[in-house]
Amino acid sequence: MTQKEALDIMKMGYNVYLTGEAGTGKTYVLNEYIKYLKNKKIAIGVTATTGIAATHLDGVTIDSWSGLGIREYIRDDEMRELARKYHTKKRITEAKVLIIDEISMMHGYRFDEIEKIVRFMKASYASFGGLQVILSGDLFQLPPVSRDRENIDFVFKSKAWKSLDLRICYLASPKRHSERRFLQLLNDIRHNKIDETTYEILKEANENKFPDGFRPTRLYTHNVDVDMINKAELEKISSEPRFYYMSSVGPEKLVEGMQRNCLAPAVLELRIGALVMFVRNNYEAGYVNGTLGRVVGFDKDQDPIVKTLNNKKIEVKRASWTISEGEKTIAELTQIPLRLAWAITVHKSQGMTLDAAEIDLSKSFVEGMGYVALSRVKSLEGLKLLGINQMALRVNPEISEIDKELRETSEEISQNWKKMGFLKKIMKQRDFMYKLTS
C-alpha cells in the first residue's frame, strides 16, 4: 500500500493498523494525519509506547495519556479514582482520535487495560469508547519486554485488538533503502531466510571505508558500552567545551517524564571536533532524526555549527518538544537538537535513519534486535558489523506467520480502495469529519 492510500483510509474514519518494513515512512504518514486533524481542530491523543517514539510525534507515552502508568492492571476502585483526576478525564473524554506509535512494544494485557480505561471515561460500551484508533509499528521491531521469551504477550493477541476491526495498511515502498542487495538482506532476515549469502554480504560490509576524519556512530545493545565510549571520546578533545542547558515549561512531573524520554540531553557538552547526531526532523534546515555530523565551530550566538557527512554546514538552533491538549501547549522542552554520537543503543536508534553505523550485535539478547539495528542504515556502504551472535539475526516465527496475513489483508484493502470511486471517497471523508466536529 502507498502512503497516500493509507492516509486516505485514515481520513475515512476507519480504525487502522499502519505497518510495513523499516524505512517505509510510517512516522511520516502519522505526522501528516496529525497535521490534517489539527488543521480541522480535532482533539487527538498523540501517543507512543516509548517516550523516544512519542517525541517523534510531539506526543506522550500511552501509559501517561491513559493514566494506567506503571500498573499492570487497574482495579475498579483505582478506575473510579482515576476518573476524578480532572486532566486525565478531560483529555480522554474530549479526544476523538487516539494514535499509538511503536505498538509492537505493547503487551496485549496492557492494551486491554487501556481500552477498559477509555471506555469507562467515555461511559461507552463501544471499543475504545468510540474513538478512531490508529496503531502504528512493525511487529519485527523490538517486542514487549518479557521474561518468558517463548510465550510473548503480543498486542495482536489482545481482546482490544480484535474488537477494533482494524484496516491493515502495510506500506511496502522503502523510503530509507534503495540499494537492491541491502533490501534483499533485510528482507531475508525479516522472513527468516538467512543463508550463507546473508553472512557473505555482512562480511563484505566490514571492508567499507569511511571518509578521513569521520567515524560513524556505533550501535551497541547495552547502555554501559554507550556511556563509556561517548565520555571517553569527548575527553580526548582538548578544545574548549561549551554547555547547553535544556529549558522547560509546564507541570514538574510531566516535564520530568519528557526529559527522561527526550533524546536530547538535559545538559549538552560540545567541543569542536565532537561527533554528533541530530535528534529532530527539520527538513528545511537540512537534517533529520539520525543525521550525523561533526562540530566545526560556533556562530555569533555561540550555537554549534555542524558539518554533516555530505559536507553541508548547518548552524544549529534550539528546537522544542511539546505536549499539547487540543490547541493548548501544556509542557515544552527547549534544547539544541543534538546528542553525542560516537555510540548509541539499538533501542534508542529505533525510528532513526543513520547515514553510517558500526554495529556490535555480539551481545544481542532478544529477537528482532539485529533487524532493528541493521535497518537503521541507508545502505551497505554505510555499514560495518563489529560483532554478531546467534540471537542477532533471529526473528520470532509467530511474527513471520502473522506478517503473511497482514500483507494479504492489506493488499485486499488496497485493491478495494482503488475500485472505490473518487466521489465516494470524498463523501466518506466528509461524513467522518462531520461526525468528529458535530
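Predicted model only: the values in this text are computed from it and were never measured.
With respect to the salt-bridge test (charged N to carboxylate O, under 4.0 angstrom), the residues Glu21 and Arg407 qualify. With salt bridges taken as basic N to acidic carboxylate O contacts below 4.0 Å, one links Glu32 and Lys35. We find that Lys157 and Glu398 are joined by a salt bridge, their nearest charged nitrogen and carboxylate oxygen being less than 4.0 Å apart. The residues Lys116 and Asp112 are annotated as not salt-bridged, no charged nitrogen and carboxylate oxygen being separated by less than 4.0 angstrom.
Within a 6.0 Å radius of NZ in Lys159, no more than 12 heavy atoms belonging to other residues, nucleotides or ligands are found. When the shell of 6.0 Å around OH of Tyr36 is examined, it contains more than 12 heavy atoms from other residues, nucleotides or ligands.
Remark: the backbone N or O of Tyr109 is paired with a side-chain donor or acceptor of Asp153 at under 3.5 angstrom. The main-chain N or O of Leu18 is never found under 3.5 Å from a side-chain atom of Lys26 such that the two would form a donor-acceptor pair. Proximity of a side-chain donor or acceptor of Asn15 to a complementary backbone N or O of Asp165 within less than 3.5 Å is not detected. Distance alone, capped at 3.5 Å, is enough to place a donor-acceptor pair between the Gln132 side chain and the Tyr14 backbone. In this structure, the side chain of Tyr33 engages the main chain of Met10 through a donor-acceptor pair within 3.5 Å. No donor-acceptor pair closer than 3.5 Å links the side chain of Asp225 to the backbone N or O of Met228. Listed for the Arg376 side chain is no donor-acceptor partner under 3.5 Å among the backbone atoms of Leu354. When atom types are taken as modelled, the side chain of Thr47 and the backbone of Ile99 share a donor-acceptor pair closer than 3.5 angstrom. Here the side chain of Thr198 pairs a donor or acceptor atom with the backbone of Asp195 at under 3.5 angstrom. Panel note: side chain Thr345, backbone Tyr220; no donor-acceptor pair is recorded below 3.5 Å.
With contacts defined as side-chain heavy-atom distances shorter than 4.5 Å, the pair Tyr244/Gln335 qualifies. Two residues are said to be in side-chain contact when any heavy atoms from C-beta on lie closer than 4.5 Å; Ser158 and Met106 fail this criterion. Considering only heavy atoms from C-beta on, Val316 comes within 4.5 Å of Pro337 through its side chain. For the pair Arg190 and Tyr371, the minimum side-chain heavy-atom distance is below 4.5 Å. Side-chain contact between Glu5 and Ile413 is absent, with no heavy-atom pair separated by less than 4.5 Å.
For the 3.5 Å distance criterion, the side chains of Lys418 and Ser414 qualify, holding a donor opposite an acceptor. At a cut-off of 3.5 Å, with distance as the only test, no side-chain donor of Thr61 or Asp63 sits close to an acceptor on the other residue. For the residue pair Asp188 / Gln184, a side-chain donor-acceptor distance below 3.5 Å is found, with atom types taken as modelled.
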Q | Full working for side chain to side chain contact (heavy atoms under 4.5 Å, CB included) between Leu202 and Leu383 | A | CA-CA 9 Å; Leu202 291 174; Leu383 170 65; 4.2 Å; yes
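When ring centroids are compared, Phe156 and Phe111 stay outside the 6.0 Å threshold.
With rounding to the nearest 0.5 Å, the separation of CE in Met277 from OH in Tyr287 is 14.0 Å.
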